[in-house]
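Have a look at the structure below before the remarks.
The first residue of the sequence shown is numbered 1, and numbering continues consecutively from there.
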Amino acid sequence: MRHPYRKFIQMELITLFLALIFGLAALVLGYLIILFLAFYFIVLSIICDAMILLQTRHTAEAGKQVLRGIILFLFTTYLLFHL
């Protein structure tokens, strides 16, 4: 039997893996835009984790994760437009 939150877990792991790949590529190549893309993948991973927590009835933890994701998204977007 499949895990009921399998798609969210897969999406979280895929976005973390992509963030790792893009982060390493940004370090090697030195492009800031790739680094910002890695940060956006981390935001997606945090939001997926919040969705898992929300569906497992851990609303306080899900709220904290959503807040972390929003703060990181806003901070990254601010840096993207001001650099």
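- The OG atom of Ser45 lies 8.5 Å from the CD atom of Gln65; values are rounded to the nearest 0.5 Å.
- From Leu54, atom CG reaches atom OH of Tyr5 across 10.0 Å, with rounding to the nearest 0.5 Å.
- In this structure, Ala62 and Ala50 approach most closely via the heavy-atom pair CB-O, 3.5 Å.
- When all heavy atoms of Leu37 and Phe22 are compared, the closest pair comes out as CD2-CE2, 3.4 Å.
- No continuous path of ILVMFWY side-chain contacts below 4.5 Å connects Met11 to Leu13, so the two sit in separate hydrophobic clusters.
- Of all heavy-atom pairs spanning Ile47 and Val66, the tightest one is CD1-CA, 4.4 Å.
- For Phe41, the CZ atom counts as densely surrounded, since its 6.0 Å shell holds more than 12 non-hydrogen atoms of other residues, nucleotides or ligands.
- Leu72 and Leu18 end up in the same hydrophobic cluster when Ile, Leu, Val, Met, Phe, Trp and Tyr side chains are linked at under 4.5 Å.
- For the pair Val43/Ile46, no side-chain contact is recorded, criterion being any heavy-atom separation below 4.5 Å from C-beta on.
- Put simply, NZ on Lys7 and CD1 on Ile9 are 13.0 Å apart, with the number rounded to the nearest 0.5 Å.
- Under a hydrophobic clustering in which Ile, Leu, Val, Met, Phe, Trp and Tyr are joined whenever their side-chain heavy atoms come within less than 4.5 Å, directly or via other members, Met51 and Ile71 fall into different clusters.
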Please step through side-chain contact (heavy atoms from CB on, under 4.5 Å) for the pair Leu74 and Tyr78, ending with a clear verdict. CA-CA 6 Å; Leu74 292 175; Tyr78 174 79; over 6 Å; no
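- For the residue pair Leu53 and Thr56, the shortest heavy atom distance occurs at O-OG1, 3.1 Å.
- Atom-to-atom distance recorded for Lys64:NZ and Thr59:OG1 is 10.5 Å, nearest 0.5 angstrom.
- Nearest heavy-atom pair across Leu80 and Phe36 is CD1-CD1, 3.3 Å.
- Residue Ile42 comes nearest to Ala19 through the heavy atom pair CG1-CB, 3.7 Å, listed as atom of the first residue, atom of the second, then distance.
- If you chain together hydrophobic residues whose side chains sit under 4.5 Å apart, Phe39 and Leu27 never meet in one group.
- Note: the hydrophobic cluster containing Leu16 does not contain Leu20 (ILVMFWY, side chain heavy atoms under 4.5 Å, direct or indirect links).
- Separating the CG atom in Asp49 from the CG atom in Leu44 is a distance of 12.5 Å, to the nearest 0.5 Å.
- One finds the CG atom of Leu24 at 10.5 Å from the CG atom of Leu29 (value rounded to the nearest 0.5 Å).
- Within the structure, ring-ring contact (aromatic ring centres under 6.0 Å, His included) pairs that include any residue of residues 54-75 comprise Tyr40-Phe73 (at least two apart or interchain).
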